[in-house]
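The figures here come from the full heavy-atom set of this structure, side chains too, leaving out hydrogens, waters and symmetry mates. We count ligands from 1, going down the list as the structure has it; atoms in each ligand are counted the same way.
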Amino acid sequence: MNKEITVVAVDGPSASGKSTVSRRVAAATKDFIYVDSGSLYRGVTWKCIREGVDVRDTQEVTNLLIRMNMELFVENRAVRYRIDGVDPGQEIRGAAVRESVAEIAAQQPVRVYIVEKLRTMAAFGSLVMEGRDIGSVVFPDTPFKYYLDADPEERARRRSAEIKVSEGTDDVGAVLNALKRRDRKDATRATSPLQIALGAKIINSTGMGIEEVVQVILDDLRAAGAIPPAEA
Ligand code: CDP
């Protein structure tokens with residue numbers, strides 16, 4: 001990692017507040033770039049579905065990774081990508097991708113492919129990167145590691161509120177079950193399972209305002225001299 005580059009690793013389960021917190025931390029600084037690492041796993045899943053590749057067939061998935069081109073770029077201080085020239089947009093948030101992404105993310109060749117992409121992003125500059133294995137695998141040397149958590153019911157409430165807006169359903173029970181299933185798969189997979197990285201600060205955001213969480217991270221960055229006192 002370049003010496004002047006700072007990476008803030010924000011890991012945690014689904015709907016623990018990672019996205020909102022990470023975006024706000026980046027926005028509160030002058031030049032940090034926001035990275036949603038999950039969107040890359042979702043992108044590979046989207047591409048599999050689009051190409052009719054069986055998401056459980058690691059060989060087929062690997063062949064797809066070899067022939068596809070995921071091109072990274074920065075827009076509005078966030079890393080985005082195109083796959084074979086196409087921006088999947090909101091399709092990566094849909095039910096089809098949501099159902100299969102944990103299956104895809106559990107496969108070793110997919111992880112090797114995405115982790116490499118995530119590491120190359122340091123060339124763009126300082127990063128706030130959210131995910132499941134950022135502090136443990138992708139950037140284990142960064143001193144800024146956070147593990148965000150919230151009670152499952154709170155996470156289901158947050159996620160169902162989002163899905164209600166995007167898909168018009170408000171079945172919190174079903175969302176909770178799907179969330180638990182995906183978390184279980186993420187936490188128990190053999191390669192890079194969701195875990196608390198060594199040295200990570202654990203923040204349970206149940207009943208805690210987003211701003212409070214953001215401030216904890218900004219205070220750490222300021223104390224270490226990674227951002228100037230006046231910047232946020
Ligand atoms: O938005 P939500 O937290 O539900 O999910 P996401 O961050 O978009 O990630 C979707 C899926 O990608 C997760 O359930 C994991 O299976 C996988 N993922 C991963 O394995 N490693 C990461 N660093 C990020 C996401």
Side-chain angles (χ1 to χ4, degrees), residues 7-23 34-49 55-56 58 61 65 70 78-81 88-121 127-140 142 145-150 152 154-167 174-197 200 205 210:
V7 174
V8 180
V10 183
D11 291 305
S14 295
S16 55
K18 299 185 304 281
S19 303
T20 315
V21 166
S22 303
R23 279 176 206 281
Y34 166 70
V35 185
D36 171 5
S37 68
S39 76
L40 274 70
Y41 291 94
R42 287 173 183 266
V44 171
T45 310
W46 169 85
K47 184 66 173 173
C48 284
I49 294 167
V55 296
R56 287 157 307 180
T58 304
V61 172
L65 291 174
M70 183 180 249
V79 176
R80 300 193 43 201
Y81 61 83
Q90 284 307 303
E91 286 178 28
I92 62 165
R93 306 283 157 203
V97 169
R98 193 163 59 233
E99 289 307 313
S100 294
V101 64
E103 181 72 47
I104 283 290
Q107 296 174 35
Q108 173 75 5
V110 175
R111 301 215 70 84
V112 170
Y113 181 90
I114 300 292
V115 167
E116 202 268 329
K117 294 270 174 214
L118 296 172
R119 288 188 180 142
T120 64
M121 292 178 189
L127 308 170
V128 182
M129 188 178 285
E130 60 149 309
R132 302 289 191 289
D133 61 342
I134 311 308
S136 57
V137 175
V138 185
F139 290 109
T142 182
K145 299 182 191 184
Y146 301 89
Y147 185 90
L148 251 59
D149 210 348
E154 170 68 17
R155 295 194 286 115
R157 254 193 308 278
R158 291 179 189 167
R159 186 46 50 98
S160 63
E162 286 168 21
I163 291 174
K164 193 171 167 182
V165 170
S166 63
E167 287 167 42
V175 174
L176 178 59
N177 285 334
L179 207 69
K180 281 182 176 161
R181 247 194 336 268
R182 183 143 65 88
D183 279 351
R184 205 159 34 239
K185 190 154 181 68
D186 288 342
T188 57
R189 68 185 177 216
T191 42
S192 312
L194 169 66
Q195 58 180 315
I196 301 168
S205 70
I210 287 289

Asks: Please verify whether a non-hydrogen atom of R98 lies at under 4.0 Å from ligand 1.
Replies: no
Asks: Report the nearest protein non-hydrogen atom to atom 21 (N) of ligand 1: residue, atom name, distance rounded to 0.1 Å.
Replies: R111 NH2, 3.0 Å
Asks: Checking the N or O distance criterion of under 3.5 Å, is ligand 1 in contact with R159?
Replies: yes
Asks: Please name the residue in the list R189, R132, R155 that meets the salt bridge (Lys or Arg N to Asp or Glu O under 4.0 Å) test with D183.
Replies: R155
Asks: Relative to Y147, does K145 satisfy both conditions: NZ or CZ under 6.0 angstrom from the six-membered ring centre, and within 45 degrees of the ring's axis?
Replies: no
Asks: Quick one: do E103 and R56 satisfy salt bridge (Lys or Arg N to Asp or Glu O under 4.0 Å)? Show the steps, please.
Replies: CA-CA 7 Å; E103 181 72 47; R56 287 157 307 180; over 6 Å; no
Asks: Kindly check if the number of other-residue, nucleotide or ligand heavy atoms within 6.0 Å of CZ (R119) is above 12?
Replies: yes
Asks: Can you tell me the protein heavy atom closest to atom 16 (O) of ligand 1 and the distance?
Replies: D186 OD1, 2.6 Å
Asks: Could you tell me whether some N/O pair between S37 and ligand 1 is separated by less than 3.5 angstrom?
Replies: yes
Asks: Any idea which protein heavy atom is nearest atom 25 (C) of ligand 1, and the distance to it?
Replies: G38 CA, 3.5 Å
Asks: For R158 and S205, does a side-chain donor sit closer than 3.5 Å to a side-chain acceptor?
Replies: yes
Asks: Please work out whether any backbone atom (N, CA, C, O) or any side-chain heavy atom from C-beta onward of R42 is under 4.0 Å from ligand 1, and answer side chain, backbone, both or neither.
Replies: side chain
Asks: Please work out, at 4.0 Å between heavy atoms, whether the side chain, the backbone, both, or neither of Q107 comes within that distance of ligand 1.
Replies: neither
Asks: Heavy atoms only: give me the nearest Y81-R42 pair and the separation to one decimal.
Replies: OH-C, 4.5 Å
Asks: For atom 7 (O) of ligand 1, which protein heavy atom lies nearest, and how many Å away is it?
Replies: R132 NH1, 3.3 Å
Asks: Side chain, backbone, both or neither: which part of R182 has a heavy atom under 4.0 Å from ligand 1?
Replies: side chain
Asks: Establish, from distance only, whether the side-chain atoms of R159 and S16 form a donor-acceptor pair under 3.5 Å.
Replies: no
